[in-house]
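Remarks on the structure that follows.
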Amino acid sequence: MRLPETFSALALLVGLTQAVGAQTCTPKVPASSLIEAPKWQMSINPTLPPQQFVDDKGELQGLNVELAREIAKRICVEPVFLRMDFPPMIPALRSGRFDAINTGLFWTEERSKMLYLVPYAQQAISIYTDPSSSLKLEKFEDLAGRVVGVESATYTERKAREFSTAMEAKGLKPIDLRTFTTVTATSAALRAGQLEAALNINETANSLEQKGIAKIWVRDIAGTDITFAFRDKLLAQAAADALTAIRADGTYDKLFDRFGMTKLKATTFAIRGEGPTN
């Protein structure tokens, strides 16, 4: 008659054993490398499919999300995604509000001296218009004097301003750049006729074209590495080592093929740049 009680006790013991087993993973970074160990808190702006976006159920999806979860599993920390717009991310990371930026941050010399940057993919810029536009574009200089949308405080905006300045030096009209906080806002302005063209990363432009809300005219402008950005060197190195393992076992290739992103040729990953100098 006491069989149910015995069975319940056995079930409880099994549950406790499983719980203990689940905690045998030891973090590969010290608690001091994280704002709130064992959580790995990272900012993300889920507005750039297929890198990072929100599905119909309101859940985070995309290459950056899946890659971060794989890294977290390998270094035995809990991934926590903090949704926010891009412009305040770098100052917020430097002030210690979270541990990393996970948005596909373009590598630049300047940024490599402020943060620990770990390249994991390649990206470049595309020029696109509304599908109904009569505008035809063959090169960046064709944007001279045009009203063009771009996300603010991004590598894309920076390169657009550099190109515009160079065009002026050649006697061409500057680009009339209008900045937005998200690609959604940029697309809305494009559809409303407030912009003649827009700029974004290749993969996001491809996604917009596949949805029938953009026509791409020029691709692969100013290609460079994109990175995870960290405030702590030990955490950055652990993530780089995890990426190397992810590449070695085939997970990296599977994820990149699934989301149609451009892989790095390297088979090992590392911090690129000297990192913070203060």
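For the single chain, residues carry numbers from 1 onward in sequence order. Everything numeric in this text was worked out from a predicted model, so none of it was measured.
- In this structure, the separation between CD on Glu151 and CD on Glu157 is 10.0 Å, given to the nearest 0.5 Å.
- With hydrogens and angles disregarded, no donor-acceptor distance shorter than 3.5 Å links the side chain of Asp85 to the backbone of Pro87.
- Note: the hydrophobic cluster containing Ile101 also contains Leu117 (ILVMFWY, side chain heavy atoms under 4.5 Å, direct or indirect links).
- Applying side chain to side chain contact (heavy atoms under 4.5 Å, CB included) to Arg161 and the options Leu177, Thr156, Ile175 leaves one that passes, Leu177.
- Counting only heavy atoms from C-beta outward, the side chains of Phe81 and Trp40 never approach each other to under 4.5 Å.
- Here the closest heavy-atom approach between residue Arg231 and residue Ser32 is recorded as NH2-O, 4.2 Å.
- Below 30°, between 30° and 60°, or above 60°: for Phe163 and Phe140 the angle between ring planes is between 30° and 60°, a tilted geometry.
- When side chains are defined from C-beta on, Lys28 does not count as touching Val77, because their heavy atoms never get closer than 4.5 Å.
- For Ser33 against Leu235, the heavy-atom pair with the smallest separation is O-CD2, 4.1 Å.
- Distance check: Ile90 CD1 to Leu93 CG gives 8.5 Å after rounding to the nearest 0.5 Å.
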Verdict with supporting geometry, Val148 and Leu195, side-chain contact (heavy atoms from CB on, under 4.5 Å): CA-CA 6 Å; Val148 180; Leu195 303 172; over 6 Å; no
Working for side-chain contact (heavy atoms from CB on, under 4.5 Å), residues Lys159 and Leu199: CA-CA 10 Å; Lys159 297 306 293 186; Leu199 306 170; over 6 Å; no
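- Cluster membership for Phe259 and Tyr120, using ILVMFWY side-chain heavy atoms within less than 4.5 angstrom, is shared.
- Nearest heavy atom pair, residue Arg219 against residue Glu209, reads NH2-OE1, 3.0 Å.
- Rounded to the nearest 0.5 Å, atoms CD1 (Ile71) and OG1 (Thr251) are 11.5 Å apart.
- Counting heavy atoms from C-beta outward, Asn202 and Asp220 have side chains that approach closer than 4.5 Å.
- Panel note: side chain Ser133, backbone Thr129; no donor-acceptor pair is recorded below 3.5 Å.
- Thr165 contributes atom OG1, which lies 12.5 Å from atom NZ of Lys170 (distance to the nearest 0.5 angstrom).
- Taking the six-membered ring for Trp and the full ring otherwise, Tyr116 and Phe230 have centroids separated by 6.0 Å or more.
- When all heavy atoms of Lys211 and Pro49 are compared, the pair lying nearest together is NZ-CG, 4.2 Å.
- Looking at heavy atoms from C-beta onward, Ile271 lies in side-chain contact with Lys233 at the 4.5 angstrom threshold.
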Derivation and outcome, side-chain contact (heavy atoms from CB on, under 4.5 Å), residues Met261 and Leu255: CA-CA 9 Å; Met261 297 283 289; Leu255 285 174; over 6 Å; no
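- A salt bridge links Arg158 with Glu110; the closest basic N to acidic carboxylate O contact falls under 4.0 Å.
- For the pair Ser126 and Asn200, the minimum side-chain heavy-atom distance is 4.5 Å or more.
- Between Glu141 and Arg146 no salt bridge is recorded (no basic side-chain N to carboxylate O distance below 4.0 Å).
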Salt bridge (Lys or Arg N to Asp or Glu O under 4.0 Å) between Asp130 and Lys215, worked out: CA-CA 6 Å; Asp130 186 85; Lys215 177 174 176 53; over 6 Å; no
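- In this structure, CZ on Phe53 lies 7.5 Å from OG on Ser207, to the nearest 0.5 angstrom.
- No side-chain donor-acceptor contact under 3.5 Å links Glu274 to the backbone of Lys113.
- Under the 4.5 Å side-chain contact rule for hydrophobic residues, Ile246 and Phe256 share a cluster.
- Between Gln52 and Asn102, the side chains place no donor N or O within less than 3.5 Å of an acceptor N or O (distance only, hydrogens not considered).
- No hydrogens or angles considered: a donor-acceptor pair under 3.5 Å links the side chains of Gln237 and Asp241.
- Asp257 and Lys254 are not joined by a salt bridge, as no carboxylate oxygen comes within less than 4.0 angstrom of a charged side-chain nitrogen.
- Aromatic rings from Phe269 and Tyr252 are positioned such that their centres are separated by under 6.0 Å.
- Nearest heavy-atom pair across Arg83 and Pro46 is CD-CG, 4.1 Å.
- At distances below 3.5 Å, at least one donor-acceptor pair connects side-chain atoms of Arg247 with backbone N or O atoms of Leu264.
- Neither Leu190 nor Leu143 shares a network with the other; the hydrophobic side chains, linked directly or stepwise wherever heavy atoms of I, L, V, M, F, W or Y lie under 4.5 Å apart, form separate groups for each.
- Under the 3.5 Å distance criterion, the side-chain polar atoms of Arg111 are left unmatched by any main-chain donor or acceptor of Ala229.
- In plain terms, the two heavy atoms of Gln122 and Gly223 that are nearest each other are OE1-C, 4.3 Å.
- If you run side chain to side chain contact (heavy atoms under 4.5 Å, CB included) between Phe98 and each of Met84, Lys39, Met42, only Met84 comes through.
- A donor-acceptor pair shorter than 3.5 Å cannot be found between the side chains of Gln41 and Asp99.
- Using a 4.5 Å heavy-atom threshold, the side chains of Lys263 and Asp253 count as touching.
- The hydrophobic cluster containing Ile221 does not contain Leu105, counting ILVMFWY residues as joined when their side-chain heavy atoms lie under 4.5 angstrom apart, directly or transitively.
- At a cut-off of 3.5 Å, with distance as the only test, no side-chain donor of Thr103 or Asn45 sits close to an acceptor on the other residue.
- Judged by distance alone, the side chain of Thr186 and the main-chain N or O of Thr182 form a donor-acceptor pair under 3.5 Å.
- When only modelled atom types and interatomic distance are considered, Ser112 and Trp107 share no side-chain donor-acceptor pair under 3.5 Å.
- Of the inter-residue distances, the one linking Leu48 atom CG with Leu63 atom CG reads 12.0 Å to the nearest 0.5 angstrom.
- Taking 4.5 Å as the limit, every side-chain heavy atom of Leu137 sits out of range of all side-chain heavy atoms of Tyr128.
- Counting only heavy atoms from C-beta outward, the side chains of Arg178 and Gln194 never approach each other to under 4.5 Å.
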Stepwise side-chain contact (heavy atoms from CB on, under 4.5 Å) test for Thr227 and Val118: CA-CA 5 Å; Thr227 70; Val118 177; 5.6 Å; no
